[in-house]
Amino acid sequence: MTSKHFLFLFFFIFCFSSFPSHARFITGRPSPTGLVSDGISTVKNLPYLLLKPPVSAEESCEQSYGFLPCTTTVLGNMFLIIVYGYLMYLAATYLSYGSELLLEILGPGLVGGLLLPMLGALPDAMLILVSGLSGTAETAQSQVSVGMGLLAGSTVLLLTVIWGSCIIVGRCDLHDSVAIDGTNTKESGVSTDIWTCYAARIMAISVIPFLIVQLPQALSSTSGRHLAVLIALIISLLMLISYCVYQVFQPWIQRRRIAFAKHKHVISGILRHLKKHALGRLLTDDGEPDTEIIRKLFETLDENHDGGLSPSELRALIIGIRFEEIDLDQDDAVSKVIADFDTSRDNLVQEDEFVEGIMKWINEAKQTGGAYLESNAGTFKFIDHFHQARSEEQSDEVVENVENPRWISIKAVLMLLLGTLIAAAFADPLVDAVDNLSEATSIPSFFISFIALPLATSSSEAVSAIIFASRKKQRTASLTFSELYGAVTMNNVLCLSVFLALVYIRGLTWDFSSEVLVILIVCIVMGAFASFRTTFPLWTCSVAYILYPFSLGLVYVLDYVLGWS
């Protein structure tokens with residue numbers, strides 16, 4: 001955890017932890033002005049101010065754990081949702097980094113196939129769990145719609161807004177229905193490989209428990225609903241176990257998950273090397289990439305002055321870079337630089353290609369590392385922040401000869417524990433804040449959780465996906481969409497299993513037909529879309545974007561116009 005995160009937690013606990021307080025309401029006899037007192041009253045007997053007995057604030061809102069703040073105001077609850085949402089975002093980030101570090105040590109295998117996929121979905125599962133554990137069955141029935149909103153909202157957000165954004169930022173020119181890497185001058189789109197289609201098919205199959213639990217409603221039967229929940233729960237758990245075991249014996253999904261981080265580590269290592277040894281300054285005073293410095297570097301590397309950098313000349317740039325915690329040789333790094341920079345595909349990096357490539361790397365580091373002015377050097381520290389974050393990610397092969405494996409293992413376990421503790425501690429207050437905001441605004445809690453909660457639990461994953469897709473390569477596009485489909489699959493099996501278990505054990509009523517219909521429509525449409533094609537023209541993003549407001553509108557019409565709920 002960085003120092004700014006510690007400061008944030010300290011500030012929150014110190015300033016916003018509160019204890020039960022008491023107040024009195026002011027009442028009085030009627031006055032002509034309608035005021036309690038205007039200082040000049042025409043009433044003969046001047047009215048005294050009457051105070052009602054003390055009323056505890058706990059009667060209007062209940063403090064989580066007896067000391068965390070609560071409020072009944074709209075702005076107050078919006079603030080609490082932002083604060084608790086940020087803490088859940090931190091939990092998701094730590095769980096993600098810890099999982100990747102653990103994979104670096106263990107590689108694809110039993111732990112990577114069984115444990116780590118569940119850790120990625122832990123914040124969502126924790127929020128769903130606490131939404132149905134609070135108070136009596138009547139209270140749980142009311143609050144469990146928060147969990148359903150998160151489940152539906154997370155799935156819909158990933159397959160609509162994030163999916164469509166990845167198409168836009170990752171689009172390349174289409175030639176014979178195939179995207180050409182690194183180009184964007186005419187009709188454009190995105191191409192993926194066949195393995196991405198397999199991931200989409202697995203995602204589509206994972207909606208089977210939703211179909212099972214909806215059968216009694218489809219048949220207008222009330223007697224079999226509780227049994228349908230139990231059967232759906234068993235099927236969902238079996239599918240979860242099968243999916244994890246499949247990853248153990250077919251580790252291509254794990255390798256893709258690890259590969260999602262590898263390219264960024266190469267970028268951070270080279271940028272840090274340039275900043276430290278080659279350039280001294282990568283940016284101008286206004287924080288933009290310094291093209292003059294980058295062109296001078298190109299001239300230095302171009303030993304034969306033929307206007308292009310060959311693999312041997314690029315190797316001079318790579319020499320001396322120590323790719324920490326990762327077994328990556330110089331030839332591998334050179335090939336990745338050429339693949340990223342050489343848009344003309346002539347196995348040479350021209351000057352304009354080199355400048356554009358370095359600028360793209362710098363901008364990516366700025367987006368993910370954060371800009372912090374370094375007054376004494378006139379440059380920015382975001383490259384160090386970017387490198388530190390990328391050092392917690394690893395290659396798409398089983399990593400061997402890892403330096404300090406014991407320390408990395410301890411670090412991974414600590415990050416996993418920290419993420420789990422934060423998620424467990426602040427999931428319940430976040431659900432309470434959503435429920436209180438719903439009461440204050442009369443907006444159903446489903447819609448609030450549908451829109452707001454996925455931004456907390458999925459934002460890190462979403463930003464990573466969009467940035468990675470912007471590299472405009474078939475490989476990076478394939479990895480990006482595979483990650484999205486994998487995240488939705490875990491929602492459909494792990495998070496749904498938690499939700500079904502709550503409904504069955506607590507004897508709640510299954511009354512989520514419209515919400516389940518939305519999940520089915522989005523998963524089946526996008527799953528069918530991605531299962532049988534590997535090229536997605538630019539217009540396909542409009543289909544994904546339309547599905548998001550369509551989902552919200554459909555739930556509203558079915559529940560509040562047609563009375564499904």
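Quick caveat, the model's predicted, so the values are computed rather than measured.
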Task: Gap separating the OG atom of Ser551 from the CD1 atom of Ile546, nearest 0.5 angstrom - done: 11.5 Å

Task: Distance-only polar pair, side chains of Tyr504 and Trp510, donor-acceptor under 3.5 Å - done: no

Task: Heavy-atom donor-acceptor pair, Gln141 side chain to Thr509 backbone, under 3.5 Å - done: yes

TODO: Using atom types as modelled and distance alone, determine if a side-chain donor or acceptor of Thr71 lies under 3.5 Å from a backbone N or O of Thr73.
DONE: yes

Task: Any pair counted as ring-ring contact (aromatic ring centres under 6.0 Å, His included), so long as it reaches residues 125-155, sequence neighbours left out - done: none

Open item on the list: Would you call the rings of Phe512 and Phe499 parallel, tilted or perpendicular, taking 30° and 60° as the class edges?
Closed with: perpendicular

Open item on the list: Could you walk me through whether Leu552 and Phe447 satisfy the side-chain contact (heavy atoms from CB on, under 4.5 Å) test, starting with their C-alpha distance in whole Å, then the side-chain angles of each, then the deciding distance to 0.1 Å, before giving a yes or no?
Closed with: CA-CA 8 Å; Leu552 283 171; Phe447 293 102; 3.7 Å; yes

Task: Between Tyr198 and Ser531: side-chain donor-acceptor atoms closer than 3.5 Å - done: no

Open item on the list: Is it true that, when you exclude Tyr556 itself, more than 12 heavy atoms of the residues, nucleotides or ligands shown sit nearer than 6.0 Å to its OH?
Closed with: no

Task: Shortest non-hydrogen contact from Val207 toward Ala204 - done: CG2-O, 3.0 Å

TODO: Report the C-alpha distance between Asp432 and Ser64 in whole Å, list the side-chain angles of each, state the deciding distance to 0.1 Å, and finish with yes or no for side chain to side chain donor-acceptor pair (under 3.5 Å).
DONE: CA-CA 8 Å; Asp432 289 340; Ser64 299; 2.9 Å; yes

Open item on the list: Please find the pair of heavy atoms, one from Thr136 and one from Arg506, that lie closest to each other, and give the distance.
Closed with: C-NH2, 3.6 Å

Task: Within-4.5 Å side-chain heavy-atom neighbours: Tyr246 and Ile202 - done: yes

- [ ] Please name the residue in the list Leu494, Val488, Leu496 that meets the side-chain contact (heavy atoms from CB on, under 4.5 Å) test with Asn492.
- [x] Val488

Open item on the list: If I compare all heavy atoms of Met239 with all of Ile205, which pair ends up nearest, and what's the gap?
Closed with: CE-O, 3.3 Å

Open item on the list: Using a 3.5 Å distance criterion without hydrogens, assess whether the side chain of Ser542 forms a donor-acceptor pair with backbone atoms of Trp539.
Closed with: yes

Open item on the list: Can you give me the closest heavy-atom contact between Gln143 and Ser131, atom names plus distance?
Closed with: CB-O, 3.3 Å

- [ ] With the side chain counted from C-beta on, respond yes when Phe529 and Trp163 share a heavy-atom pair under 4.5 Å apart, and no when they do not.
- [x] yes

Task: Side-chain donor-acceptor contact under 3.5 Å, Ser514 with Asp559 - done: yes

TODO: Compute whether any side-chain donor of one residue and acceptor of the other, for Thr139 and Ser142, lie under 3.5 angstrom apart.
DONE: no

Open item on the list: Let me confirm one number: the CD1-CZ distance from Ile519 to Phe210, rounded to the nearest 0.5 Å.
Closed with: 4.0 Å

Task: Under 3.5 Å donor-acceptor, Ser206 side chain and Met203 backbone - done: yes

Open item on the list: Quick check: closest heavy atoms across Ile235 and Pro209, and the distance to 0.1 Å?
Closed with: CG2-CG, 4.3 Å

TODO: Check step by step if side-chain contact (heavy atoms from CB on, under 4.5 Å) holds for Phe536 and Phe481.
DONE: CA-CA 12 Å; Phe536 303 93; Phe481 289 109; 5.5 Å; no

Open item on the list: Evaluate Leu159 against Cys523 for side-chain contact (heavy atoms from CB on, under 4.5 Å), listing each step before the verdict.
Closed with: CA-CA 8 Å; Leu159 291 181; Cys523 286; 4.1 Å; yes

Task: Rounded distance [0.5 Å steps], CZ in Phe446 versus CD1 in Ile451 - done: 9.5 Å

Open item on the list: Quiz question: by atom type and distance under 3.5 Å, do the side chains of Ser236 and Ser497 form a donor-acceptor pair?
Closed with: yes

Open item on the list: Would you say Thr72 and Glu439 are linked by a side-chain donor-acceptor pair, where the criterion is simply a distance under 3.5 Å?
Closed with: no

Task: Straight-line distance of Leu500 CG to Ile231 CD1, nearest 0.5 Å - done: 11.5 Å

Task: Leu558 side chain reached by Ser513 side chain, heavy atoms, under 4.5 Å - done: no

- [ ] Report yes if the distance between the aromatic ring centroids of Tyr548 and Phe450 is under 6.0 Å, otherwise no.
- [x] yes

- [ ] Would you indicate whether the side-chain heavy atoms of Leu547 and Val156 approach each other to under 4.5 Å?
- [x] no

Open item on the list: Are there over 12 heavy-atom neighbours, none belonging to Tyr545, within less than 6.0 Å of that residue's OH?
Closed with: yes

Task: side-chain contact (heavy atoms from CB on, under 4.5 Å) partner of Leu453, the single match among Val431, Leu151, Val434 - done: Val434

TODO: For Gly85 and Ala456, work out which heavy atoms get closest and say how close.
DONE: O-CB, 3.3 Å

Open item on the list: Could you check whether any side-chain N or O of Ser154 sits under 3.5 Å from a backbone N or O of Leu150, counting only pairs where one atom can act as donor and the other as acceptor?
Closed with: no

Open item on the list: Does Ile521 form a side-chain contact (heavy atoms from CB on, under 4.5 Å) with Phe550? I'd like the steps, not just the answer.
Closed with: CA-CA 10 Å; Ile521 290 175; Phe550 169 80; 4.2 Å; yes

Open item on the list: Nearest 0.5 angstrom please: Leu87 CG to Ile422 CD1, how far?
Closed with: 6.5 Å

Open item on the list: Just verifying a value: how many Å separate Leu158 CG and Cys166 SG, rounded to the nearest 0.5 Å?
Closed with: 9.5 Å

Task: Sub-4.5 Å side-chain heavy-atom contact between Met526 and Tyr485 - done: no

Open item on the list: Pairing donors with acceptors under 3.5 angstrom, does anything connect the side chains of Asp124 and Thr457?
Closed with: yes

TODO: Compare all side-chain heavy atoms of Leu520 with those of Val516 and state whether any distance is below 4.5 angstrom.
DONE: yes

- [ ] Look only at the side chain of Thr196 and the backbone of Thr192, and say whether a donor-acceptor pair between them is shorter than 3.5 Å.
- [x] no

Open item on the list: Is there a side-chain contact between Pro69 and Gln63 in this structure, where contact means two heavy atoms from C-beta onward sitting under 4.5 Å apart?
Closed with: no

TODO: Please examine the side chains of Met78 and Val74, heavy atoms only from C-beta on, and report whether any two atoms are closer than 4.5 Å.
DONE: yes

